[in-house]
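Note that ligands are numbered from 1 as they come in the structure, with each ligand's atoms numbered from 1 the same way.
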Amino acid sequence: MARKVLVLGEVRDGSLRNVSFEAIAAGKTVAEGGEVVAVLLGDNVNALGQELIQYGADRVVVVEDEKLSQYSSDGFSQAFMAVVDSEKPDGIVFGHTALGKDLSPKIASKLETGLISDATDVEVAGGNLVFTRPIYSGKAFEKKIVTDGVIFATVRPNNIAPLEKDESRTGDVSKVTAEIKDLRTIIKEVVRKASEGVDLSEAKVVIAGGRGVKSADGFEPLKELANVLGGAIGASRGACDADYCDYSLQIGQTGKVVTPDLYIACGISGAIQHLAGMSNSKVIVAINKDPEANIFKVADYGIVGDLFEVVPMLTEEFKKLKV
Ligand code: FAD
């Protein structure tokens with residue numbers, strides 16, 4: 001059954017987030033041969049439309065308004081609903097990001113439809129559209145079939161491969177007018193926690209430190225390894241609670257969920273709440289001086305040793321490979 005699917009293009013600091021392209025790929029599956037329409041909301045975002053088309057969107061609709069210059073669920077839900085009213089979609093896909101997690105339930109309730117949140121895969125099987133999503137903190141996966149209503153899903157970053165960028169692809173980028181009423185919340189300023197380098201939730205390589213790093217300075221060797229591998233720094237709650245790093249780096253049940261190609265856990269015991277945020281990483285390397293540490297149960301490669309000896313050795317070896 002061919003469907004019209006809206007996919008939200010997520011913009012941060014003037015650029016499209018990768019998860020937008022992954023959502024387009026998921027949207028193509030949901031569309032089953034129908035049309036994928038990317039949606040851009042913001043102030044001055046029109047120019048990003050072509051990139052969404054190069055990643056597979058059939059066309060792009062844009063709502064531009066200065067009230068959308070900063071994300072607010074109030075403003076973005078009004079703008080997105082204006083697009084829904086004009087496009088009448090059969091399906092909607094967002095990234096399962098902080099923005100997607102905030103906005104999607106609001107839109108789903110307005111549409112009186114269900115929401116499949118945090119999907120890691122979508123496929124057509126046996127004539128049905130089947131979504132896969134983790135349950136019990138990632139210990140199991142459930143398959144969901146949607147049969148009626150507007151099909152609405154959020155997709156976990158780094159799980160669904162984007163389509164290859166085709167720079168020769170062209171398509172229509174048009175504007176939708178939305179009357180955005182006065183916002184109940186005005187964001188005057190966004191003060192970002194200083195985070196260096198790669199965005200943790202979309203990183204292909206994550207080097208995470210736990211209480212075993214022993215101090216804020218103990219993260220330095222991890223940062224050097226992350227620099228060499230082009231990765232991001234993450235942490236266990238143990239490390240955050242001990243004030244070795246900021247809570248924005250926390251990975252786990254009450255932190256960020258990451259699915260990088262490579263996750264290197266340094267001095268992390270592997271509590272269930274931590275595993276909930278990283279156990280679906282493609283390759284897991286654990287460095288811990290306790291051979292009985294739980295983290296080794298989910299690790300593809302385990303190194304029993306002192307992280308302050310092992311991590312610098314790895315950094316040196318990776319540097320040699322890069323030369
Ligand atoms: P520890 O358990 O203390 O482990 C430190 C590890 O470092 C040990 O295994 C030790 O052998 C090793 N080590 C020490 N020195 C070295 C060295 N020099 N070299 C190598 N290894 C060394 N935790 C999260 O991470 N994320 C969450 O989102 C989260 N949410 C939670 C929610 C709730 C409701 C609760 C109750 C807990 C939550 N926790 C979460 C906390 C979780 O239960 C653990 O307490 C926490 O993950 C432990 O952090 P850790 O592994 O860094 O510390």
So which heavy atom in the protein is nearest atom 46 (C) of ligand 1, and how far is it from that ligand atom?
Gly238 N, 4.0 Å
Short list, please: which atoms of ligand 1 are under 4.0 Å from a heavy atom of Lys214?
14 (C), 15 (N), 16 (C), 17 (C), 18 (N)
Enumerate the atoms of ligand 1 whose separation from the nearest heavy atom of Gly267 is less than 4.0 angstrom.
5 (C), 6 (C), 7 (O), 12 (C), 21 (N), 22 (C), 52 (O)
What atoms in ligand 1 come closer than 4.0 Å to a heavy atom of Ala271?
42 (C), 43 (O), 44 (C), 47 (O)
Just checking Phe131 against Phe152, ring centres under 6.0 Å apart?
no
Is it true that Lys28 and Asp58 have a side-chain N and a carboxylate O under 4.0 angstrom from each other?
yes
Any ion pair linking Lys282 and Asp261 (charged N to carboxylate O, less than 4.0 Å)?
yes
Atoms in ligand 1 flagged as close to Gly255, the criterion being non-hydrogen separation under 4.0 Å:
28 (O)
Leu307 N/O to ligand 1 N/O under 3.5 Å:
yes
Which one of Arg211, His274, Lys289 has a non-hydrogen atom at the shortest distance from atom 21 (N) of ligand 1?
Lys289
Closer than 4.0 angstrom, basic N to acidic O: yes or no for Lys289 and Glu309?
no
Check against salt bridge (charged side-chain N to carboxylate O under 4.0 Å, His left out), Glu87 and Arg59
CA-CA 12 Å; Glu87 293 288 339; Arg59 61 189 171 87; 2.7 Å; yes
What part of Ile251, side chain, backbone, both or neither, has a heavy atom within less than 4.0 angstrom of ligand 1?
backbone
salt_bridge(Asp90, Lys4) N-O dist < 4.0 Å
no
Side-chain ion pair, Glu123 and Lys143, N-O less than 4.0 Å
yes
Tell me which protein heavy atom sits closest to atom 4 (O) of ligand 1, plus the residue, atom name and distance to 0.1 Å.
Ser269 CB, 3.3 Å
List every atom of ligand 1 that sits less than 4.0 Å from any heavy atom of Gly210, numbering the atoms from 1 in the order shown and giving each element.
52 (O)
Basic-acidic side-chain contact under 4.0 Å: Asp74, Arg184
yes
Element-labelled atoms of ligand 1 that are located less than 4.0 Å from some non-hydrogen atom of Thr254:
27 (C), 28 (O), 29 (C), 30 (N), 31 (C), 32 (C)
Where does the angle between the aromatic ring planes of His274 and Tyr263 fall among parallel (under 30°), tilted (30 to 60°) and perpendicular (over 60°)?
tilted
What protein heavy atom sits nearest atom 13 (N) of ligand 1, and how far off is it?
Gly212 CA, 3.7 Å
Same cluster (ILVMFWY, side-chain, under 4.5 Å), Ile116 and Val257:
no
Starting from atom 18 (N) of ligand 1, locate the nearest protein heavy atom and write down its residue, its atom name and how far away it is, to 0.1 Å.
Asp306 OD1, 3.0 Å
In terms of residue, atom name and distance, what is the protein heavy atom nearest to atom 35 (C) of ligand 1?
Gln273 NE2, 3.7 Å
One finds that the ligand 1 atoms under 4.0 Å from a non-hydrogen atom of Gly305 are 19 (N), 20 (C)
Quick test of your reading of the model: are Asp199 and Arg12 salt-bridged, counting only N-O distances below 4.0 Å?
yes
For atom 52 (O) of ligand 1, which protein heavy atom lies nearest, and how many Å away is it?
Ser236 OG, 2.5 Å
Atom 31 (C) of ligand 1: which of Gln253, Arg237, Gln250 has the nearest heavy atom?
Arg237
Starting from atom 10 (C) of ligand 1, what is the nearest protein heavy atom, named by residue and atom, and what distance separates them?
Asn288 OD1, 3.6 Å
